[in-house]
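Every value quoted in this text rests on a predicted model; they were computed, and no experiment measured them. We count ligands from 1, going down the list as the structure has it; atoms in each ligand are counted the same way. What's counted below: heavy atoms across the whole structure, side chains too, no hydrogens, waters or symmetry copies.
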Amino acid sequence: MLLTNIHQLLQVRPATTRRIAGADMAKLPLINDAYLLIEDGLISDFGPMAYAPTDYTGDIIDCDGQLVLPTWCDSHTHIVYAGDRSHEWVARLEGKTYAEIAAAGGGILNSAKRLNETPEEDLYQQSKTRLETVMALGTGAIEIKSGYGLTVEGELKMLRVIRRLREEYPIPIKATFLGAHAIPANYKTDKAGYLRMLTDELMPKIAEEGLADFVDVFCEDGYFSVEDTELVMVAGIKHGLVPKIHVNQFTTLGGVAAAVQHGALSVDHLEELSEADVEALKGSETMPVALPGCSFFLGIPYTPARRLMDAGLPVALATDYNPGSAPSGNMNFALSLACTQMKMLPEEAINAATLNGAYAMGLEKELGSITVGKRANLLITKRLPSFGALPYNFGMPTVSQVVINGAFL
Ligand SMILES: [Zn+2]
């Protein structure tokens with residue numbers, strides 16, 4: 001397939017660029033009036049229209065007035081869940097307290113109960129609908145977490161659903177084991193016992209079946225301490241799982257430094273951020289990930305992306321698509337929130353949602369930029385004056401077509 005007359009071809013990078021940090025995030029390399037050639041599902045050539053092949057015999061797509069960029073890389077989601085929690089959300093609007101909702105079986109533990117009652121096939125059907133929805137919105141690579149099972153069978157069921165999604169859909173899907181998401185009711189007074197179940201019983205099974213790439217922990221007051229987080233990370237690493245950690249959503253406990261020390265690929269949330277956290281991230285390989293949809297929906301602070309970038313650090317954007325705190329997987333909206341609420345520039349938001357998102361999943365060699373040899377996972381926008389119009393038109397459908405491995409969705 002040959003794309004011609006592309007108004008702006010965005011995020012053109014050499015293969016050596018693994019991620020973008022600090023002041024470089026404000027730069028978005030592009031080619032005006034460009035062409036792009038796709039062969040065998042990969043980007044095989046691109047450049048200014050003056051150099052476009054003239055003897056091409058395959059499909060030619062005229063992108064007059066449209067922008068072309070890499071698909072979004074959503075590095076943090078929980079899209080495998082049973083039912084939703086809209087009734088809880090409505091109860092909150094009606095004035096019920098979180099404690100009342102939790103006492104009535106709400107929260108993560110409610111999601112866990114429903115998940116354990118839901119047959120695997122049903123769970124797969126619900127999850128695939130969500131995956132198809134976000135792919136149509138422009139997501140071309142995604143990470144999905146377990147963490148609503150909180151039992152051996154429930155966690156394995158979630159991870160097997162993720163494996164089946166990976167087998168049946170053409171986009172890269174990474175699986176994360178988040179058994180340490182909450183402490184289930186039957187372990188309420190025995191957290192150590194629950195952690196032992198995760199590390200000694202579940203992890204060997206996950207490793208044996210190759211069900212996960214990453215290990216995650218909800219490091220937060222009332223959930224898992226820094227010490228617990230380290231224990232799970234160490235066990236995960238032993239079983240071949242790279243840490244990716246939920247940290248600093250509500251409190252700063254020192255989890256960021258611990259995650260960096262254990263070579264975490266990413267630290268996600270960071271709505272609260274101390275100077276020590278920023279210092280710990282400097283010089284590390286760990287990607288800070290902001291989840292603005294969660295801040296929007298809960299009305300909590302946004303991740304201070306400007307502070308991170310001013311410190312020379314990279315930032316990635318993800319949706320956190322989940323039934324409790326962010327029931328939306330729309331990366332286009334995450335981009336708008338990043339610009340309107342976190343005061344990121346459109347260039348910074350696009351870098352954060354493409355190459356840095358790919359890095360946060362270990363996919364930066366195959367996705368996230370317009371680079372010869374990378375997968376042809378591309379967004380073709382509607383007719384737009386410039387890339388700034390992507391976050392500007394918040395909530396509007398700006399994507400015209402999604403290309404995955406060189407084929408239209
Ligand atoms: Zn999350």
Exercise. Taking the six-membered ring of Tyr81 as reference, does the NZ or CZ atom of Arg130 fall below 6.0 Å from its centre and within a 45° cone about the axis?
Worked result: yes

For this session: List in chain and number order the residues that pass side chain to side chain contact (heavy atoms under 4.5 Å, CB included) with Glu94, two or more places apart in sequence or in another chain; answer none if no residue qualifies.
Result: Val90, Lys96

Exercise. Partners of Pro14 by side chain to side chain contact (heavy atoms under 4.5 Å, CB included), sequence neighbours excluded?
Worked result: Thr16, Thr17

Seminar exercise, completed: Protein-derived N, O or S atoms lying less than 2.8 Å from the Zn ion (ligand 1), waters not counted, sum to 4

Exercise. Looking just at side-chain N and O atoms, do Asp268 and His246 make a donor-acceptor pair shorter than 3.5 Å?
Worked result: no

Exercise. Going by distance alone, is a donor N or O of one side chain under 3.5 Å from an acceptor N or O of the other, for Ser328 and Asn330?
Worked result: no

Problem set entry | Pairs touching residues 23-40 that satisfy salt bridge (Lys or Arg N to Asp or Glu O under 4.0 Å), sequence neighbours left out | Asp24-Lys27

